[in-house]
Colleague: 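Below you'll find the structure I mean.
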Amino acid sequence: MTPKVRVRFAPSPTGEPHLGNLRTAVFNWLYARSTGGDFIVRIEDTDQQRLVPGAVNTILESLHWLGLDWDEGPDLPTGQFGPYYQSQRKTLYTVIKDLLITQGAAYECYCSPERLQEMRQTQQQAKTRVGYDGKCRDLSIADQEKSAATTSPVVRFRMPDEGTTTCTDYIRGDIVFDNSLIDDFVIMKSDGYPTYHFASVIDDHAMEISHVMRADEWLSSLPRHVHLYQALGYELPTFVHLPIILGPDRSKLSKRHGATSILEYKDAGFLPDAILNFLALLGWSLDDSSELFSRDQLIDSFTIDRVGDSAAVFDIDKLSWMNGVYIRDLSNSQLATEIEPFLDVSADLALATPDQPDLVDIVPVIKERIKTLREADEMISFFGDHELVYDPSLLIPKGLDEKHATTILDSVYPILEKTTDFTTATIDTTLRAHAIELELKPGQVFSVLRVALTGRTVAPPLFETMEILGQAQSLKRIRQAKTLMENRK
RNA sequence: GCCCGCAUCGUCUAGUCUGGCCUAGGACGCCACCCUUUCAAGGUGGAGAUCAGGGGUUCAAAUCCCCUUGCGGGCACCA
């Protein structure tokens, strides 16, 4: 019987998780959900210096927003595998560290940071291997006691000096590392906290993680981990090193590339389902043509076998397109609900008076015109019951003059006033007929009215807009347009 | 500098493991046309990749092997 799939997302609370971090979470989550396994969130807070207050909440909030749920994690009842903060598991690490020291697999090192720095510098200049030189490897008990009186040591893992280590990665296959090139790395810092290498190996084993899926940048420390597993007598999990996500300049995604925190994308008006879909496609594909996947389809079709092996550049244009697809896929009421938090310029719309248009009625005319929720606000601001501010010269379309514009506004007014059935279809036929009477192209008449009704030359369809605005408001705006024309100059 | 990884249209990718169906497919973006009251959306078509370069192996290579180059990552008492 194959052991249950248990995967984990193990961020360190040092800031807001970015797209790359979340993509790792997505793959882990997808794998857990598609195999009926467990998805675990573990907080790697062993670096006391870099802790950022509130980061854990931001991480959890990001996961939650993306719709990734976890079976075990810092905010859930601990159970047999907890706690899920590494800072709360210090005793475990300490006990195991002592064990390794007793076995001779690890040793205390009293070298000062200054000495280490110097050592590295010298090595760099001499162009030799850079790494710990093993000074404290075989200190006598007497020497240790002497040093212990003045400094608290770190603990280093004793790496073999020769031979090779063959590591197996699910995606890349076997990779051979030369042991002599890997130094005795620190597993316990002088403040009593473990390093990543040590804590993650212990926890992955203790939490019965079956697949360690993490970013590519960990690949080079894999041999250290393998040796740790061996020294500890642990069975190796399956390692899956995921290709990383690059910025447009092909360097590792970072703040320099603008928005990186997933929550910034939320604020920019992206839908979580769109982001999830997009993130899944960064490094994974099903076949040569599928790219729109619902959450369930993603879960159904995800396999590690189809994860790619090269880094991917994050393309905001494609994300925007995909977000547009998801927006158009929403029902009117769903879209209205999604848009509402983004309305501020046209706050007067939200506080609509009874005869003001309802957001749900407006939504269909902007649905296929927005790529993000945030764009909606600007696009619908003219629906509010306020006087439109615009340059009256916009009322004069290309090829026509001021007289035409005035004629159009003057003649259309009584016609619309008389219209009893103020709906899109009726307005359409009425105005078309009127254009013929005026011996003008319908488009010319419409563009004058478009500006009068919306204050802009680019807007949602005219007749729908008029119907939503209502007869009274539409007439009022034509009157305002006439006034503006008169006061021109 | 050393080590590891990666390498198909500008970008995401299919195809690589199991050579021939690939005169390399799809998508985003771009261009044109159609639809059309503007803008979108939609439809149709197009430009865009000598499969990083060079050597092999083979009847046949994007696919297998070697080298080179480029890019990325690592070489912390950071994760």
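Naming: A, B, ... by sequence-line order, numbering from 1 per chain. Computed from heavy atoms alone, side chains included, the values below leave out hydrogens, waters and symmetry copies.
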Colleague: Using a 4.0 Å heavy-atom cut-off, does A/Pro460 contact any base of the nucleic acid, only the sugar-phosphate backbone, or nothing at all?
Modeller: base
Colleague: Do the side chain of A/Ser310 and the base of B/C6 come within less than 3.5 angstrom through a donor-acceptor pair of N or O atoms?
Modeller: no
Colleague: Would you mind checking if A/Lys318 and A/Asp315 are paired as a salt bridge, meaning a charged N to carboxylate O distance below 4.0 Å?
Modeller: no
Colleague: Provide the distance between the two P atoms, one in B/C33 and one in B/A40, to the nearest whole Å.
Modeller: 14 Å
Colleague: Would you classify A/Arg50 as touching base, sugar-phosphate or nothing, given that sugar-phosphate means primed atoms plus P, OP1 and OP2, and contacts are heavy atoms under 4.0 Å?
Modeller: base
Colleague: Quantified in whole Å, what is the P atom distance between nucleotide B/G43 and nucleotide B/A27?
Modeller: 10 Å
Colleague: Indicate, with a heavy-atom threshold strictly under 4.0 Å, whether A/Arg120 touches base, sugar-phosphate, or nothing.
Modeller: sugar-phosphate
Colleague: Check whether any side-chain N or O of A/Lys371 sits under 4.0 Å from OP1 or OP2 of B/A41, and answer yes or no.
Modeller: yes
Colleague: Any side-chain N or O of A/Arg432 below 4.0 angstrom from OP1/OP2 of B/U37?
Modeller: yes
Colleague: On RNA chain B, nearest-nucleotide positions of A/Val307 versus A/Asp249: which is more 5'?
Modeller: A/Val307
Colleague: Kindly say if A/Thr46 contacts the phosphate of B/A79, meaning a side-chain N or O under 4.0 Å from OP1 or OP2.
Modeller: yes
Colleague: Counting only side-chain nitrogens and oxygens, does A/Arg306 get under 4.0 Å of the OP1 or OP2 atom of B/G15?
Modeller: yes
Colleague: For the pair made of CH2 in A/Trp218 and P in B/G74, what is the distance, rounded to whole Å?
Modeller: 9 Å
Colleague: Remember a base hit wins even if backbone is also touched, and classify A/Ala312 as base, sugar-phosphate or nothing at under 4.0 Å, heavy atoms.
Modeller: sugar-phosphate
Colleague: Write down the partner of B/C39 under the Watson-Crick or G-U wobble criteria, each distance required to be under 3.5 Å.
Modeller: none
Colleague: Contact class for A/Ile175 vs. all strands (heavy atom < 4.0 Å): base, sugar-phosphate, or nothing?
Modeller: sugar-phosphate
Colleague: Grab the CG-P distance between A/Asp183 and B/C3 for me, whole Å please.
Modeller: 16 Å
Colleague: Among the candidates B/U38, B/U11, B/C78, find the nucleotide nearest to the side-chain atoms of A/Arg450.
Modeller: B/U38
Colleague: Output the single nucleotide from B/C12, B/A79, B/C77 whose closest atom is nearest the side chain of A/Leu116.
Modeller: B/C77
Colleague: If you check the A/Val458 side chain, which of B/U38, B/C2, B/A79 turns out closest?
Modeller: B/U38
Colleague: Taking atom P in both B/C34 and B/G54, what distance in whole Å separates the two?
Modeller: 44 Å
Colleague: Using a cut-off of 4.0 Å on non-hydrogen atoms, how would the nucleic acid contact of A/Pro113 be classed: base, sugar-phosphate, or nothing?
Modeller: base
Colleague: Mind checking whether A/Phe198 and A/Phe157 have ring centres under 6.0 Å apart?
Modeller: no
Colleague: If only side-chain N and O atoms of A/Lys189 are considered, is one of them under 4.0 Å from the OP1 or OP2 phosphate oxygen of B/A79?
Modeller: yes
Colleague: Now, which nucleotide makes the Watson-Crick or G-U wobble pair with B/G70, with each of the two distances under 3.5 Å?
Modeller: B/C6
Colleague: Under 4.0 Å, heavy atoms only, any strand: does A/Cys167 hit a base, just the sugar-phosphate, or nothing?
Modeller: nothing
Colleague: Pick the C1' atom in B/C6 and in B/G48, then give their distance to the nearest Å.
Modeller: 24 Å
Colleague: Calculate the interatomic distance between A/Asp305 atom CG and B/U18 atom P; express it in whole Å.
Modeller: 15 Å
Colleague: State whether A/Arg224 places a side-chain N or O below 4.0 Å from either non-bridging phosphate oxygen (OP1 or OP2) of B/G74.
Modeller: no
Colleague: Could you tell me whether A/Arg456 and A/Asp391 have a side-chain N and a carboxylate O separated by less than 4.0 Å?
Modeller: no
Colleague: Does this structure show an ion pair linking A/Lys97 with A/Glu108, if we count only N-O contacts that are shorter than 4.0 Å?
Modeller: no
Colleague: Indicate, with a heavy-atom threshold strictly under 4.0 Å, whether A/Ser12 touches base, sugar-phosphate, or nothing.
Modeller: sugar-phosphate
Colleague: Touch check for A/Arg214, heavy atoms < 4.0 angstrom, all strands: base, sugar-phosphate only, or nothing?
Modeller: nothing
Colleague: Rounding to an integer number of angstrom, what distance separates B/C9 and B/C31 when you compare their C1' atoms?
Modeller: 16 Å
Colleague: Just N and O in the side chain of A/Ser285: are any of them under 4.0 Å from OP1 or OP2 of B/A14?
Modeller: yes
Colleague: Mapping A/Leu281 and A/Val176 onto RNA chain B by nearest heavy atom, which one lands closer to the 5' end?
Modeller: A/Val176
Colleague: In a check of side chain to side chain contact (heavy atoms under 4.5 Å, CB included) between A/Phe382 and each of A/Val389, A/Leu453, A/Thr465, which one passes?
Modeller: A/Thr465
Colleague: Does the side chain of A/Thr372 come under 3.5 Å of the side chain of A/Asn323 through a donor N or O and an acceptor N or O?
Modeller: no
Colleague: Rounded to whole Å, how long is the line connecting atom CZ of A/Phe382 with atom P of B/U38?
Modeller: 16 Å
Colleague: Could you measure between the two P atoms, the one in B/G46 and the one in B/G25, and give it in whole Å?
Modeller: 11 Å
Colleague: In whole Å, what separates the C1' atom of B/A32 from that of B/G72?
Modeller: 39 Å
Colleague: With no hydrogens and no angle check, do the side chains of A/Ser261 and A/Glu16 hold a donor and an acceptor under 3.5 Å apart?
Modeller: yes
Colleague: For B/C30, what is the paired nucleotide under Watson-Crick or G-U wobble rules, both distances under 3.5 Å?
Modeller: B/G46
Colleague: Across all strands, who's sitting opposite B/C64 as a Watson-Crick or G-U wobble pair, both distances under 3.5 Å?
Modeller: B/G56
Colleague: Please report, rounded to the nearest Å, how far the C1' atom of B/C77 is from the OH atom of A/Tyr107.
Modeller: 13 Å
Colleague: Is it the case that the base of B/C71 and the side chain of A/Arg250 share a donor-acceptor contact (distance under 3.5 Å, atom types as modelled)?
Modeller: no
Colleague: Nearest whole angstrom, please: distance from the P of B/C28 to the CZ of A/Phe314.
Modeller: 17 Å
Colleague: Within the structure shown, what part of the strands sits under 4.0 Å from A/Val154 by heavy-atom distance: base, sugar-phosphate, or nothing?
Modeller: base
Colleague: Between B/G26, B/C3, B/C77, which nucleotide gets closest to the side-chain atoms of A/Glu291?
Modeller: B/G26
Colleague: Measure the distance from CZ on A/Phe198 to C1' on B/A79 and round it to the nearest whole Å.
Modeller: 16 Å
Colleague: Among A/His197, A/His227, A/His225, which residue satisfies the ring pair (Phe, Tyr, Trp, His ring centres under 6.0 Å) criterion with A/Phe185?
Modeller: A/His197
Colleague: Pick the C1' atom in B/C12 and in B/A49, then give their distance to the nearest Å.
Modeller: 14 Å
Colleague: Just call it for A/Pro461: base, sugar-phosphate, or nothing, with non-hydrogen atoms closer than 4.0 Å on any strand.
Modeller: base
Colleague: Could you let me know what B/C22 is paired to, Watson-Crick or G-U wobble, both distances under 3.5 Å, or none if it's on its own?
Modeller: none
Colleague: Please determine whether a side-chain nitrogen of the Lys or Arg among A/Arg432 and A/Glu437 lies less than 4.0 Å from a carboxylate oxygen of the Asp or Glu.
Modeller: no
Colleague: Looking across every strand, which nucleic acid part, if any, lies under 4.0 Å from A/Phe278 by heavy atom: base, sugar-phosphate, or nothing?
Modeller: nothing
Colleague: Classify the nucleic acid contact of A/Ile244 as base, sugar-phosphate or nothing, counting any heavy atom under 4.0 Å across all strands shown.
Modeller: sugar-phosphate
Colleague: Mind checking A/Gly324 for me? I need base, sugar-phosphate or nothing, with any heavy atom below 4.0 Å counting as a touch.
Modeller: nothing
Colleague: Using 4.0 Å as the upper bound for N to carboxylate O, is an ion pair formed by A/Arg137 and A/Asp161?
Modeller: yes
Colleague: Can you measure A/Asp315 atom CG to B/C28 atom P for me and round it to whole angstrom units?
Modeller: 11 Å
